[in-house]
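Contents: one structure, followed by commentary.
For the single chain, residues carry numbers from 1 onward in sequence order.
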Amino acid sequence: MRLDKFLADMGYGSRKEVKGYIKKGRVTVNDNIVKSDKTQVDEQTDQVCFDQEPIQYQRWYYYLLHKPAGVISATVDSYEETVLDLFTEEDFREDLFPVGRLDKDTEGFLLITNDGVLAHQLLSPKKHVEKEYYAQVEGIMTEADQSVFEKGLQLDGEWTLPAQLMITNTNQIEGTSEIQLILHEGKFHQVKRMVQAVGKEVRYLKRIRMGGLSLPADLPVGSYRPLTTDELALLAKPKE
Ligand code: URA
């Protein structure tokens, strides 16, 4: 690939900016100063340095963020804190974005990447990538609700796909329940609206799994870490 693309991909600046750096002699390829931005480099074998610092080429970035409540699933916003504001200056890149949305008050599993193709695959309703949520609910969830969710229900006239509801706890005195819900699509406010459709209210919501990958127990709220290649494969692969 061209040297200017290599440097721009690696976050050293826009194509125009990195061309300037190359002209100034700040970039070497295999220890030779190169002054042409059209120089071709092999990102696997050539050693590219910027101000003598070697650059390891990486085109695609995948992070798993444990989203806290109170931040929005957007890249930039003038008023609200976004999920990308949680990134350190070192890890932040202009092309990162969240795969899908969690509501501002929802916590949990959120993939952040610059890979539009993977994002599209994970979000495509045709791929049926499972999303699993844990919720605390005002009201007692019942077996009848389980069958309604399993058949699919209408939200503003639109049918949902069958969803699997597990009732993990009910407190008859307080009139509350804890549930886990597996969805195969991602309609707007889907968990909250499905629970409302059976006459109850979500009080707390957290996404705990996407595809075959669960939110790691050791990833604190508000933190993120890169995904391994194995984890990426798990994410895109439905749970057996
Ligand atoms: N369903 C919701 O209602 N909210 C979310 O953030 C995710 C799923």
Side-chain angles (χ1 to χ4, degrees), residues 62-87 96-113 118-120 122-125 127-139 141 145 149 153 155-156 158 160-171 174 176-225 227 231 234-236 239:
Y62 307 94
Y63 294 100
L64 172 50
L65 169 73
H66 190 161
K67 179 190 172 300
V71 301
I72 60 167
S73 301
T75 49
V76 277
D77 194 274
S78 318
Y79 304 103
E80 309 263 21
E81 191 181 8
T82 75
V83 287
L84 284 181
D85 292 332
L86 298 169
F87 276 64
L96 288 174
F97 62 89
V99 177
R101 279 166 188 273
L102 290 177
D103 297 337
K104 185 175 170 186
D105 60 355
T106 302
E107 293 184 357
F109 191 120
L110 190 63
L111 181 71
I112 311 281
T113 184
L118 180 91
H120 182 75
L122 290 174
L123 295 177
S124 159
K127 298 271 175 190
H128 295 258
V129 174
E130 287 184 357
K131 286 146 213 119
E132 184 166 350
Y133 295 88
Y134 161 81
Q136 293 168 0
V137 172
E138 191 74 43
M141 298 294 286
D145 299 334
F149 284 14
L153 53 86
L155 296 176
D156 295 327
E158 227 189 301
T160 63
L161 292 171
Q164 289 69 54
L165 171 65
M166 289 145 287
I167 303 165
T168 51
N169 202 15
T170 52
N171 184 327
E174 290 183 3
T176 56
S177 318
E178 287 176 83
I179 60 168
Q180 279 173 221
L181 182 61
I182 300 176
L183 300 183
H184 303 262
E185 60 193 333
K187 295 191 193 305
F188 186 59
H189 297 325
Q190 187 163 349
V191 176
K192 293 175 185 165
R193 287 162 73 212
M194 286 178 76
V195 169
Q196 263 167 3
V198 292
K200 289 115 202 176
E201 201 68 39
V202 169
R203 290 284 173 242
Y204 169 85
L205 185 60
K206 176 178 191 161
R207 182 154 66 192
I208 55 173
R209 179 171 66 84
M210 208 167 158
L213 192 61
S214 297
L215 183 69
D218 61 356
L219 187 64
V221 187
S223 318
Y224 63 90
R225 67 160 171 77
L227 279 187
E231 285 177 328
L234 275 177
L235 181 63
K239 205 169 194 174

Verify the distance criterion only: is there a donor paired with an acceptor across the side chains of Glu107 and Tyr204 at less than 3.5 Å? yes
Can you confirm whether the side chains of Glu132 and Tyr134 place a donor and an acceptor under 3.5 Å from each other? no
Verify side-chain contact (heavy atoms from CB on, under 4.5 Å) between Val71 and Asp85, making sure each step is shown before the conclusion. CA-CA 9 Å; Val71 301; Asp85 292 332; over 6 Å; no
[X] [atom1] to [Y] [atom2] distance, which is reported to the nearest 0.5 Å:
X: Glu158; Y: Leu153; atom1: CD; atom2: CG; result: 11.5 Å
X: Leu235; Y: Leu64; atom1: CG; atom2: CG; result: 8.5 Å
X: Leu181; Y: Leu165; atom1: CG; atom2: CG; result: 6.0 Å
X: Thr168; Y: Gln180; atom1: OG1; atom2: CD; result: 5.5 Å
X: Thr160; Y: Lys187; atom1: OG1; atom2: NZ; result: 7.0 Å
X: Arg225; Y: Asp218; atom1: CZ; atom2: CG; result: 6.5 Å

Side chain proximity check, [X] to [Y], heavy atoms < 4.5 angstrom:
X: Val198; Y: Met141; value: yes
X: Leu227; Y: Leu213; value: yes
X: Leu122; Y: Met210; value: yes
X: Pro68; Y: Leu86; value: yes
X: Leu183; Y: Gln164; value: no
X: Ile179; Y: Val195; value: yes

Closest heavy-atom contact between [X] and [Y]?
X: Ala135; Y: Leu205; answer: CB-CD1, 3.8 Å
X: Ser73; Y: Leu110; answer: OG-CD2, 4.0 Å
X: Ala197; Y: Leu155; answer: CB-CD2, 4.3 Å
X: Pro98; Y: Ala74; answer: CG-N, 4.2 Å

Please confirm whether the backbone N or O of [Y] pairs with a side-chain atom of [X], one donor and one acceptor, at under 3.5 Å?
X: His66; Y: Leu219; answer: yes
X: Thr82; Y: Leu84; answer: yes
X: Ser214; Y: Arg209; answer: no
X: Asp77; Y: Tyr79; answer: yes
X: Lys67; Y: Asp103; answer: yes
X: Arg193; Y: Phe188; answer: yes
X: Arg207; Y: Phe109; answer: yes
X: Ser177; Y: Val137; answer: no
X: Lys192; Y: Gln196; answer: no

Before giving the answer on side-chain contact (heavy atoms from CB on, under 4.5 Å), spell out for Val99 and Thr113 the whole-Å C-alpha distance, their side-chain angles and the decisive distance to 0.1 Å. CA-CA 7 Å; Val99 177; Thr113 184; 3.6 Å; yes
Pair Ile72, Arg101 - check side-chain contact (heavy atoms from CB on, under 4.5 Å), show working. CA-CA 8 Å; Ile72 60 167; Arg101 279 166 188 273; over 6 Å; no
Evaluate the ring planes of Phe87 and Tyr63, with Trp represented by its six-membered ring, and classify them as parallel (under 30°), tilted (30 to 60°) or perpendicular (over 60°). perpendicular
Could you walk me through whether Tyr133 and Ile208 satisfy the side-chain contact (heavy atoms from CB on, under 4.5 Å) test, starting with their C-alpha distance in whole Å, then the side-chain angles of each, then the deciding distance to 0.1 Å, before giving a yes or no? CA-CA 5 Å; Tyr133 295 88; Ile208 55 173; 5.9 Å; no
